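Predicted model only: the values in this text are computed from it and were never measured.
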Amino acid sequence: MTPPTAAGGHMPRPDGAGASGGSPVPRIRRNDYGVLTPPLLGQWTPELTVTVVIPAHDRQETLDLTLAALSAQSYPAELMDVIVVDDGSAVPVRLPELVPARTRLITSPPGGWGRAWAVQTGVDAATGEIVFVLDADMVPHRHHVEAQLRWHHLAPYLVVLGWIDFTAGDVLPTPGEVRQALEDGHEDKLFPLSPHRHDWAEKIILDHDGLRTAPNSLATRIHVGATASYPASLLRSIGGLDTSLVLAEDTELGYRLTQAGAVYVPDPDSRAWHIGLPTAMRDFLSLKRYNDPYVADRVPYRRYLRTDPGRQWLVPYVDAVVPAAGYEDVRATVDALLAGSVPDVAITITGPWSALGDDRRSPLRDPDLDLRLIHATFEHDPRVRLASDLSGVVSPFRLLIPPGWVPARDTLERLVGHLEEHDGGALCVALDETDQGVTVARLERTAALARATLVARPGEHLDTILDEVFGLEWVDGDTWGFTRRPPIYPPRRRPVPELDRVTAQYEKELTRLRKRTALMQAELAQLRREAGKGRRDAERWREKAESWRREAVRLSRAQDRTVLKRAVRRVRNLAFPDS
């Protein structure tokens with residue numbers, strides 16, 4: 001048995017280095033993991049250690065079956081350990097007799113509760129290179145862990161998902177029967193199959209060639225944490241789970257993993273039984289009602305949840321970055337971005353803000369005057385952040401724009417729409433070209449930039465890799481609505497309120513329509529006059545025609561009478577010639 005390999009390189013380890021310590025990390029374009037060739041089950045030699053984390057709350061009966069199935073896994077026992085986390089069960093969870101060799105039970109610490117809190121407790125205690133999260137109502141098949149782990153041996157930024165079959169779980173087997181079924185290869189006969197499935201997730205997977213052709217913002221939706229595995233380093237690099245969430249933690253985690261450059265691999269060979277139906281199937285509407293506010297605040301991809309243009313959100317859709325420079329230039333650019341058609345945009349103005357002290361100075365001759373004016377203008381605007389770097393930003397898109405350039409109201413919306421339509425990694429917008437070079441605005445996909453960073457080799461230009469793993473496109477600034485700021489900014493006259501501007505626009509349009517209506521009414525009156533005259537002329541011609549007809553009849557009759565008289569005279573002359 002040999003280790004698996006990835007197309008174009010040797011097997012990398014989760015720390016980014018290859019098995020030999022320096023092999024390149026495979027480069028996956030978007031979510032097309034088809035460049036990787038996983039080994040056949042049972043025909044390879046695993047190397048990575050894995051910690052299986054099982055959060056449990058009052059699930060003793062099904063937990064016993066989960067642990068029994070894990071004790072019969074095909075993945076080497078010496079490479080696998082199990083952590084069961086008791087999340088405040090009414091009757092404390094205990095470890096049954098039939099468990100994997102390296103299993104331990106811990107309890108969630110005080111300060112929180114819920115699945116995310118319990119899973120994060122297990123992640124913090126995990127020692128494996130891979131963290132495998134498995135719910136306490138799951139009964140995995142024999143190759144469940146192995147099927148997922150074979151992918152992690154190929155690339156260090158994969159999130160691998162198992163395939164779930166549901167069962168009502170009315171009658172449960174014993175732990176011994178579960179283990180025996182796995183050893184005999186009959187685990188598919190353990191339970192009656194329920195007709196219920198994760199139809200929405202499976203449809204996305206099947207419609208996109210196993211997610212290989214799924215757009216970046218869509219692939220993240222199928223992250224379901226009941227059975228999923230992650231490189232421990234990747235999971236910890238994003239801060240683990242959001243423990244403030246009681247529900248929807250899987251959705252939020254999937255979003256942040258996407259921004260970190262993860263590729264999602266659903267593996268149908270990693271099968272598991274889910275005992276009973278999850279809440280999403282039993283009470284979908286109530287669950288959705290609860291989750292929507294939390295998801296809307298944290299997952300900008302869910303555009304249908306952000307329909308109020310007046311709202312601000314925890315995670316913006318776009319983070320625009322403007323370097324601090326001339327006061328008027330920065331203000332014009334920031335003002336235009338905030339007035340744009342994308343409501344959930346946040347602005348980061350980067351500059352040496354800590355250098356602004358309160359020492360005595362000449363207010364008008366301060367060498368940091370422009371910086372101070374920018375600070376005074378935006379310090380209290382919650383949509384604007386004054387920072388020296390870009391740390392902590394997890395928006396799906398980032399716009400880098402030089403100060404002094406003003407985008408049109410819909411420019412940002414159009415740019416993001418274009419990037420999403422083509423699932424691209426970056427759009428470089430050429431604004432101007434001088435002897436000093438090209439002035440560029442740049443819209444980047446956070447996930448693409450993170451992926452490029454993960455697979456970069458020393459000395460490589462990041463844009464070259466970005467183009468390779470997602471795509472980089474150049475466009476013209478004029479076409480997308482970028483202009484220079486006005487010579488005088490801010491305007492000397494008070495800006496017209498939006499309501500007044502719209503009202504004036506409608507009144508102008510109404511006046512134009514009224515004039516047009518008056519012209520049409522005048523034309524209609526003229527046509528009516530001409531039509532009346534035509535009717536009168538027609539009536540006169542009809543009267544003349546009738547007069548001519550009567551005259552013709554009269555003349556015809558008069559002619560007939562004259563001819564008759566002549567004939568009578570001739571006859572008389574013939575009969576009585578001398579009379």
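Residue pairs meeting the side chain to side chain donor-acceptor pair (under 3.5 Å) criterion with at least one member in residues 260-272, sequence neighbours excluded: H144-S270, Q148-S270, R150-D267, R150-D269, W151-D267, D165-R271, T258-Y264. Pairs passing the side chain to side chain donor-acceptor pair (under 3.5 Å) check and including a residue from residues 74-83, sequence neighbours excluded, read T51-D81, S74-H143, S74-E146.
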_Audit row: L235, L253, side-chain contact (heavy atoms from CB on, under 4.5 Å) steps and yes/no_ = CA-CA 9 Å; L235 190 58; L253 178 62; 4.0 Å; yes

*Could you walk me through whether Y255 and V315 pass the side-chain contact (heavy atoms from CB on, under 4.5 Å) check?*
CA-CA 11 Å; Y255 165 74; V315 181; 3.6 Å; yes

*Is there a side-chain contact (heavy atoms from CB on, under 4.5 Å) between L154 and Y33 once you walk through the steps?*
CA-CA 10 Å; L154 302 177; Y33 54 86; over 6 Å; no

*So L419 and E473, side-chain contact (heavy atoms from CB on, under 4.5 Å) or not? Walk me through it.*
CA-CA 9 Å; L419 208 60; E473 182 182 356; over 6 Å; no

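Formation of a donor-acceptor pair under 3.5 Å by the H57 side chain with backbone atoms of G114 is not found in this model. The backbone N or O of P316 lies less than 3.5 Å from a partner atom in the side chain of S395, making a donor-acceptor pair. Not a single donor-acceptor pair under 3.5 Å links the side chain of R445 to the backbone N or O of G425. Remark: the backbone N or O of L472 is paired with a side-chain donor or acceptor of D467 at under 3.5 angstrom. Within the 3.5 Å criterion, the main-chain N or O of A296 finds a donor-acceptor partner in the side chain of R306. The backbone N or O of L241 sits less than 3.5 Å from a side-chain atom of Q120, completing a donor-acceptor pair.
The side chain to side chain contact (heavy atoms under 4.5 Å, CB included) test applied to D250 returns R115, H223, not counting sequence neighbours. Residues meeting the side chain to side chain contact (heavy atoms under 4.5 Å, CB included) test with V99, sequence neighbours left out: L67, P96, T103. When the ring-ring contact (aromatic ring centres under 6.0 Å, His included) test is applied to H418, the partners found at least two apart in sequence or on another chain are H422, W480. In terms of the ring-ring contact (aromatic ring centres under 6.0 Å, His included) criterion, residue partners of F191 (sequence neighbours excluded) are, by chain and number, W273. Contacts of Y157 classified as ring-ring contact (aromatic ring centres under 6.0 Å, His included), with partners at least two apart in sequence or in another chain: none. Under the rule for a ring-ring contact (aromatic ring centres under 6.0 Å, His included), the partners of Y290 that lie at least two apart in sequence or sit in another chain are Y294. Under the rule for a side chain to side chain contact (heavy atoms under 4.5 Å, CB included), the partners of A68 that lie at least two apart in sequence or sit in another chain are L98, P175, V178. For Q312, there are no side chain to side chain donor-acceptor pair (under 3.5 Å) partners two or more places apart in sequence or in a different chain. For T307, there are no side chain to side chain donor-acceptor pair (under 3.5 Å) partners, not counting sequence neighbours. Listed by chain and residue number, H198, I204, I222, V224 satisfy the side chain to side chain contact (heavy atoms under 4.5 Å, CB included) test with W200 (two or more places apart in sequence, or in another chain).
Scanning all heavy atoms of the two residues, the minimum distance from L158 to H152 falls at O-CE1, 3.2 Å. Shown here for L65 and P173, the closest heavy-atom pair between the two residues is CD2-O, 3.4 Å. Heavy atoms only, all atoms of each residue included: E202 and I164 are closest at OE2-O, 4.3 Å. Taking all atoms of both residues into account, the shortest heavy-atom contact from A72 to R179 is CB-CG, 4.0 Å. Heavy-atom minimum distance, E187 versus L182: CB-CD1, 3.6 Å. The two residues S108 and V85 make their nearest non-hydrogen contact at OG-CG1, 3.5 Å.
Contact of the T227 side chain with the P140 side chain is not registered, since no non-hydrogen atoms from C-beta on lie closer than 4.5 Å.
Comment: R27 engages E468 in a salt bridge, judged by a side-chain N to carboxylate O separation of less than 4.0 angstrom. Taking a cutoff of 4.0 Å between a charged side-chain nitrogen and a carboxylate oxygen, D344 and R311 do not qualify as a salt bridge. The pair K203-D207 meets the salt-bridge criterion, with a side-chain N (NZ, NE, NH1 or NH2) lying under 4.0 Å from an Asp/Glu carboxylate O.
At most 12 non-hydrogen atoms from other residues, nucleotides or ligands lie less than 6.0 angstrom from CH2 of W113.
Annotation: cation-pi geometry satisfied between R303 and Y317 (NZ/CZ under 6.0 angstrom from ring centroid, within 45° of ring axis).
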